[in-house]
Amino acid sequence: MSFRTTTAVDYVEDVSPGRGALPPRAWYSSSDAASLSLNGRWRLRVSATADAEDDSFAEEGFDAGDWAEVTVPGHWVLQGDGSFGSPIYTNHLYPFPVDPPHVPTENPTGDHLRVFDLPADWPADGSAVLRFDGVESCARVWLNGTDIGEFKGSRLPHEFAVGHLLKTVGNVLAVRVHQWSAGSYLEDQDQWWLPGIFRDVTLLHRPAGSVLDFFVHASYDHTSGEGTLRVDSDVDGRVTVPALDIDVATGEPVTVPVRPWSAETPYLYDGVLATEGERVPLRIGFRTVVLEDGLIKVNGKAVLFKGVNRHEWHPEKGRALDLETMREDVLLMKRHNLNAVRTSHYPPHPAFLDLCDEYGLWVIDECDLETHGFTEQGWRDNPVDDDRWTPALLDRAARMVERDKNHPSIVFWSLGNEAGTGRGLTAMAEWIHGRDSSRLVHYEGDWDCRDTDVYSRMYAFHAEVESIGQGLDGGTHKRRELPFIQCEYGHAMGNGPGGIADYQRLFEKYERLQGGFIWEWIDHGIKHPELGYAYGGDFGEELHDGNFVCDGLIFPDRTPSPGLLEYKKVIEPVHIEGDGSDGTLRVTNRHDFADLSALAFEWSYQVDGETVEAGTLNVPSLAAGESADVKLPEPPADARGAETQWTVRALLAADTAWAPKDHVVAWGQFPGVSRPLPSVAPTDRPALGEKLITLGPASFDVRTGALKTIGGVSVVSPRLDVWRATTDNDDGAEWQSDTRYGVLWRTLGLHRMQHRLDSVEAGENALTVRTRVAPAAREVGLDTVYRWTSDGTRLRLTVSVTPEGEWTLPLPRLGVRLGLPEADQVKWFGGGPGEAYPDTRSASLVGRWQSTVDDLQTPYVRPQENGARADVRWAELGGLRIEGDPEFWFTARRWTTEQLDAATHLTDLTAGTASDSGSAAAVWVNLDHGLHGIGSQSCGPGPLPQYFLRAEPTEFSFVFSVTD
Ligand code: IPT
């Protein structure tokens, strides 16, 4: 006989959204109704299975005195130092067998318990609602021993009517949270799986006659300059907006002249919705979003999204974000010229949307839905194409739309991410279109655009994006009529993304292309005592996707990465262009709405990288889209043959809500007098000693021709170097069908080049060392000649490289590497202050910079090539001055490329000293003539051909001298 008991936890595998919750409604805070936060310390008991314990813990009088404690909001796996289980990271694979709606028997379950009293002034009348803003992934709730329901939909609110159950003292709130549930099949987003009550728990008093649900309709007619406001409310009341003299009944429209809301000019009007029992503050933004002439228009204008995908992330708290962290995200976005956010891949904490309204960001609000793992089985059994799941999908759509419908910042509802196609998605789109005709619907997964108002793609290559811009991409009739956005592009994993300037040029060129959203905002590294930041696999996961979870524009601690600085420059809202030659620049206002009155312009003039004079530049307050030619002043001081530049900056003219006065919004740099190249007359003659050859300030090994000292500085001789610690974008994602050079380079052996010495020739006025540099097992090689000359004080090295054999691959880098016994302070004249590579160099500003060797490093969570400075004319470190002919890429680090390449976490990298590294160097310096581009192939295109470093005959020089 076999049997299976039905247990009290069958709801876990039930595809329905749940039981007992109130219908969804707008999320708001009241001016006068009482509320009680139930955030704080809760008792916690974690069990291995869903039904390991009975529900007696929910009963009054249960003694949980020996339970652990956790903080709510929070994830239990990020608390308790691992004793409550660990996080799991997978990109799209379900970390459990795919057999919907079943989940594993091993189903970590956290029983949460909280006892609370009502505040003394809690009103005796009315009712009360208990609200959960986010619980992953399924919860059952009891209040004072009564089972009040259960729910799924992790990043969506759920409310329960509890007034009849409340007591003045000793209320027992019991919440059983299961890590896995049928809902997990709908939540296969690329992120950590983190169970817990991770958003607020709040008890809301609902006075008699209080507001229930309401919908603020606030449109703007750009032809008349008038806004129309109508607030539909379930409970009748009045709406007042003092600044507009509005005082109308709910449901009644009123039209008045207004200032419209846009992401650039986020004008909000304060209002109040008053019903008999309650007053609710309103923040009203008037704007109209339409699809017209095949374009997304807001207030009559086509907008260009300069966006980012934002997951909620904090390195210690996971997705339990506090308000200050949310504000930091918004401020960082505004300060880096972003104007849009896609809330990948779920509705964020509602406070984040308040901030978007207030500071001004266009929002794609995305539903908590992704079934990506079904792609492994050709999308068979995909819940979004199975009617049994449709109620759950509709519930999710409604919980998002109803909660967030009063935010002016939201212009798109997104059905979800990577869920294939199916009837369930169509049902969601139909419901959303019916409920809210004032916004557009987005979903990327259906390239025919059956359900959507925009053609959206992710990681499309530049060439395809261009053909879409030209309308040459074909597709269904409906799609051909739609505007295009890239909901994800520019995969910011590790060093990169490269090539975003090239995308932006396309977006700005073709009307149909309305911009895109970089993937993604923040690295989801988890702070770890031994590893610095942990990523997939660091918690012993059975299946994981490594550091694919660290692919943000900011590091886990929210420090901007070079990728964010690049993006800021690429999307700057003012273009300052010209070649400086005729003293005229062209300034273009690339805003969609704002004129330039908020900005002040400043010029400065650099001689050899140092600013010698600066002043204000008069730029007319151009309207959005307008350009003007602006004259630079006469070049100041006589530059005495030195190199000069003009730098023009657009700064905030006054403090704003998001940045102080003088914050740099945009800039341009223009050459003046060009640089005199360093020259060394080859007057000195190499002198042959017993062990050494001397030439000018330098000595060389007589046998190998290796440089040993320059002046008093001993060096590990410069020699040809073509290798770099491959970046995530070099290595590419394993599913990439395109050529992945990181892999091919290693296969060819570029990381283990052998240097064969052919001859050392001490000539009349030069020391020439001939070599061949090549990997074992291959016939290709680089014939490399080092030619040293000197005028007695300065030493010049000319490197000539001639490829031999058939080189089918580009080179990672081409230059020399040398070692120094010590170096700390670094000064240079060239691009800075941050790193740059051929296709990530927009933000590199030519000037005089200084740093320490340590600060030259970019701390990518998984160590990899980083820290190069572009266009370097000269650099000084460790007692040496190095000048380039031509300019070079400069890198210095306290470990070798091999050590960097082998490291998996930042904590693997430790500075060595000259003696303990077994060589004469502690600081390794790369002087590169060329670097291969970065691209975005960790999930997208590799570098464009113009950023390839091809193996071809090349010659470049450096001049070395000692500093005092
Ligand atoms: C795309 C996903 O939508 C996103 O969640 C993230 O996983 C990103 O890729 C990569 O980091 S899906 C992509 C594999 C086509």
Side-chain angles (χ1 to χ4, degrees), residues 88-95 154-155 186-194 307-313 319 341-348 364 366-376 379 382 384 412 414-421 425 442-447 452 456-461 464-465 485-498 500 516-525 535-536 543-554 556 561 563 727-729 731-738 740 860-862 935-942:
I88 299 172
Y89 167 59
T90 58
N91 165 15
H92 77 282
L93 296 178
Y94 288 104
S154 299
R155 298 104 200 174
L186 305 180
E187 297 173 3
D188 189 26
Q189 293 98 344
D190 173 9
Q191 58 177 346
W192 294 97
W193 299 89
L194 295 176
V308 72
N309 283 278
R310 174 182 180 269
H311 266 290
E312 294 182 311
W313 190 250
R319 290 187 284 275
V341 190
R342 172 175 177 235
T343 69
S344 55
H345 298 303
Y346 41 80
I364 299 183
E366 189 150 275
C367 198
D368 191 5
L369 173 64
E370 174 158 343
T371 62
H372 208 161
F374 285 87
T375 189
E376 292 291 309
W379 295 104
N382 186 358
V384 307
F412 272 103
S414 176
L415 304 180
N417 184 59
E418 293 283 11
T421 55
L425 289 167
H442 169 271
Y443 176 64
E444 191 272 348
D446 174 15
W447 295 6
T452 67
S456 173
R457 290 278 302 280
M458 45 174 79
Y459 311 106
F461 286 27
E464 187 185 6
V465 170
I485 61 169
Q486 285 236 72
C487 70
E488 295 178 22
Y489 81 111
H491 199 248
M493 185 178 181
N495 187 334
I500 56 175
F517 297 77
I518 295 287
W519 185 268
E520 65 175 308
W521 177 239
I522 184 168
D523 287 340
H524 308 210
Y535 50 77
L543 275 182
H544 68 84
D545 287 288
N547 67 316
F548 203 62
V549 78
C550 291
D551 52 2
L553 292 175
I554 58 177
S561 84
T727 65
D728 295 315
N729 285 316
D731 292 336
E734 75 228 342
W735 68 81
Q736 290 270 3
S737 54
D738 239 48
R740 295 157 58 203
Y860 294 115
V861 172
R862 185 190 74 80
S936 189
Q937 212 181 344
S938 57
C939 191

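Heavy atoms only: backbone and side chains are in, while hydrogens, waters and symmetry mates are out. Residue numbers run from 1 in the order of the sequence given. Counting convention: from 1, in listed order, for ligands and their atoms alike.
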- Item | Tyr89 and its side chain to side chain donor-acceptor pair (under 3.5 Å) partner, picked from Asp190, Asn547, Asp545 | Asp190

- Do Asp368 and Gln189 have a side chain donor and acceptor closer than 3.5 Å? yes

- Contacts for ligand 1, heavy atom under 4.0 Å, by chain and number, are Asn91, Asp190, His345, His372, Asn417, Glu418, Met458, Tyr459, Glu488, His491, Trp519, Phe548, Asp551, Trp735, Cys939

- Task: Please determine, by modelled atom types, if Asn417 and Tyr346 share a side-chain donor-acceptor pair under 3.5 angstrom.
- Result: no

- Note on the structure: Taken to the nearest 0.5 Å, the spacing of Trp192 CH2 from Tyr535 OH works out to 10.0 Å

- Query: Which residues satisfy the ring pair (Phe, Tyr, Trp, His ring centres under 6.0 Å) test with Tyr459, sequence neighbours excluded?
  - Reply: His491

- Query: Regarding Arg457 and the six-membered ring of Trp447, is the cationic atom NZ or CZ under 6.0 Å from the ring centre and inside 45° of its axis?
  - Reply: yes

